[in-house]
Amino acid sequence: MTQFKATVGGIAVAVLAAGALAETPSKAVSNAVGAQTRSAAHKARDDMQKPTDILAFAGVKPGHVVADLGAGGGYYAAILSRVVGAEGTVYAANPSRLVERFATIDEGFKAYLRRETPDNVVYTVAKFDELTFEAPLDAAFMVLMYHDAVWSGVDRAQMNKRIYDALKPGGVYLVIDHAAQSGSGARDVQTLQRIEGETVRTEIEKAGFTFVGESNALANPNDPRTENVFGSLRGRTDRFVYLFQK
């Protein structure tokens with residue numbers, strides 16, 4: 001497939017003609033994912049989450065300041081903290097409305113903090129349309145959380161603007177979510193926990209972001225997109241992976 005070079009977050013990557021980015025994982029990413037000290041529960045998710053591919057796609061590197069928005073129990077925060085290292089910072093946030101409804105989200109992240117005691121992770125419970133960060137960001141991650149922001153009533157225009165404003169020029173915003181049927185928009189955000197990728201892209205571009213490309217690392221063409229994500233396809237749904245840049 002034809003390729004040409006582009007720059008994402010200061011890192012040169014190959015852009016495929018189909019619009020997907022390809023990048024060889026850095027040593028920092030490979031070491032972080034392969035760390036023996038990672039929890040067994042987190043490692044068990046790697047085949048479904050493809051963190052090496054995702055982190056290479058996003059271009060995260062040592063010294064970066066990264067926000068993990070919708071950090072859950074700390075799966076990505078734990079890997080990101082290893083990639084950015086002692087000179088970097090991970091701001092991890094769980095949405096206050098979901099934590100109020102599902103206390104296990106907060107409990108899970110605090111258990112991760114007690115287990116791994118990372119010095120470079122700052123955790124908060126916050127409303128996503130009121131986000132603030134102490135330092136400018138190199139990257140922001142939102143993994144399987146955008147649809148929750150919709151059904152929980154977050155002001156996404158304000159949320160995306162705050163993320164845009166928090167990023168350094170050239171910084172990137174990575175969004176992963178369960179794909180809904182074409183043309184469904186936000187119809188299935190609560191019933192199926194899915195959202196149409198085009199809807200997400202349109203909202204984020206309105207905040208000033210440029211759509212850089214997408215990865216098919218988490219694609220599943222056999223997913224009809226009509227089933228709740230917690231059903232028989234749990235962990236194997238068709239997920240879009242979009243990268244935007246300030």
Side-chain angles (χ1 to χ4, degrees), residues 9 28-29 32-33 35 38-39 41-43 45-46 48-99 102 104-149 154 159-160 162-168 171-177 200 204 215 217-218 239 241-244 246:
V29 168
V33 175
R38 290 182 62 213
S39 75
H42 283 182
K43 288 180 181 179
R45 296 174 54 184
D46 288 352
M48 296 183 292
Q49 305 296 343
K50 304 287 191 280
T52 300
D53 295 331
I54 298 304
L55 289 168
F57 177 64
V60 178
K61 62 182 181 179
H64 270 184
V65 179
V66 184
D68 181 14
L69 308 175
Y75 175 83
Y76 262 108
I79 300 174
L80 287 166
S81 72
R82 290 178 168 88
V83 175
V84 304
E87 300 302 314
T89 302
V90 177
Y91 291 107
N94 273 321
S96 51
R97 191 161 182 174
L98 282 183
V99 167
F102 305 107
T104 54
I105 294 175
D106 190 45
E107 293 167 1
F109 198 94
K110 288 178 179 176
Y112 147 67
L113 291 176
R114 289 193 298 270
R115 181 177 66 249
E116 300 200 18
T117 61
D119 293 331
N120 61 353
V121 175
V122 179
Y123 176 55
T124 186
V125 175
K127 294 181 178 179
F128 276 7
D129 47 14
E130 297 179 359
L131 291 166
T132 58
F133 305 96
E134 294 180 7
L137 305 177
D138 294 285
F141 278 49
M142 184 170 286
V143 181
L144 307 181
M145 189 58 61
Y146 203 97
H147 73 274
D148 286 307
V154 171
M159 175 186 78
N160 290 327
R162 283 179 175 269
I163 294 169
Y164 184 90
D165 290 345
L167 284 164
K168 300 174 183 177
V172 296
Y173 182 16
L174 179 93
V175 179
I176 301 174
D177 218 323
V200 174
I204 292 175
S215 167
L218 302 177
R239 287 155 285 172
V241 183
Y242 287 171
L243 193 67
F244 303 87
K246 177 174 178 175

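Residues Arg38 and Asp46 have side chains in contact (heavy-atom distance under 4.5 Å, counting atoms from C-beta outward). By the 4.5 Å heavy-atom criterion applied to side chains, Val65 and Tyr91 are counted as neighbours. No side-chain heavy atom of Asp148 sits less than 4.5 Å from a side-chain heavy atom of Val154. Counting heavy atoms from C-beta on, the side chains of Val33 and Arg82 never come closer than 4.5 Å. By the 4.5 Å heavy-atom criterion applied to side chains, Val172 and Phe141 are not counted as neighbours. By the 4.5 Å heavy-atom criterion applied to side chains, Tyr173 and Asn160 are counted as neighbours. Looking at Arg239 and Lys50, their side chains never come closer than 4.5 Å, going by heavy atoms from C-beta outward. Residues Tyr242 and Ile204 fail the side-chain proximity criterion, which asks for heavy atoms closer than 4.5 Å.
Ala77 and Asp68 make their closest contact through N-OD2, 3.2 Å (heavy atoms, listed as atom of the first residue, atom of the second, distance). Nearest approach of Val84 to Thr89, heavy atoms of both residues: CG2-N, 3.9 Å. In terms of heavy-atom proximity, Met145 sits nearest to Gly70 at CE-CA, 3.7 Å. Closest approach of Val121 and Ala92 over heavy atoms only: CG1-CB, 4.4 Å. Residues Tyr76 and Pro51 come closest through the heavy atom pair OH-CA, 3.8 Å. For the residue pair Gly73 and Tyr112, the shortest heavy atom distance occurs at O-CB, 3.4 Å.
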Practice task
Kindly determine whether Leu174 and Val241 satisfy side-chain contact (heavy atoms from CB on, under 4.5 Å), including the steps that lead there.
Solution key: CA-CA 7 Å; Leu174 179 93; Val241 183; 3.9 Å; yes

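Of the possible polar contacts, none joining the Thr124 side chain to the Ala126 backbone as a donor-acceptor pair under 3.5 Å is found. Remark: side-chain polar atoms of Lys246 are paired, donor with acceptor, to backbone N or O of Tyr164 under 3.5 angstrom. Asn94 contributes a side-chain N or O that, together with a main-chain N or O of Gly72, makes up a donor-acceptor pair within less than 3.5 Å.
None of Val143, Asp53, Ile176, Asp177 except one satisfies the side chain to side chain contact (heavy atoms under 4.5 Å, CB included) rule with Leu218; the exception is Ile176.
Residue-environment remark: NZ (Lys168) exceeds the threshold of 12 foreign heavy atoms within 6.0 Å.
Asp106 and Tyr123 form a side-chain donor-acceptor contact under 3.5 Å, judged by distance and modelled atom types alone.
Residue Phe128 holds its CZ atom at 13.0 Å from CZ of Arg162, rounded to the nearest 0.5 Å.
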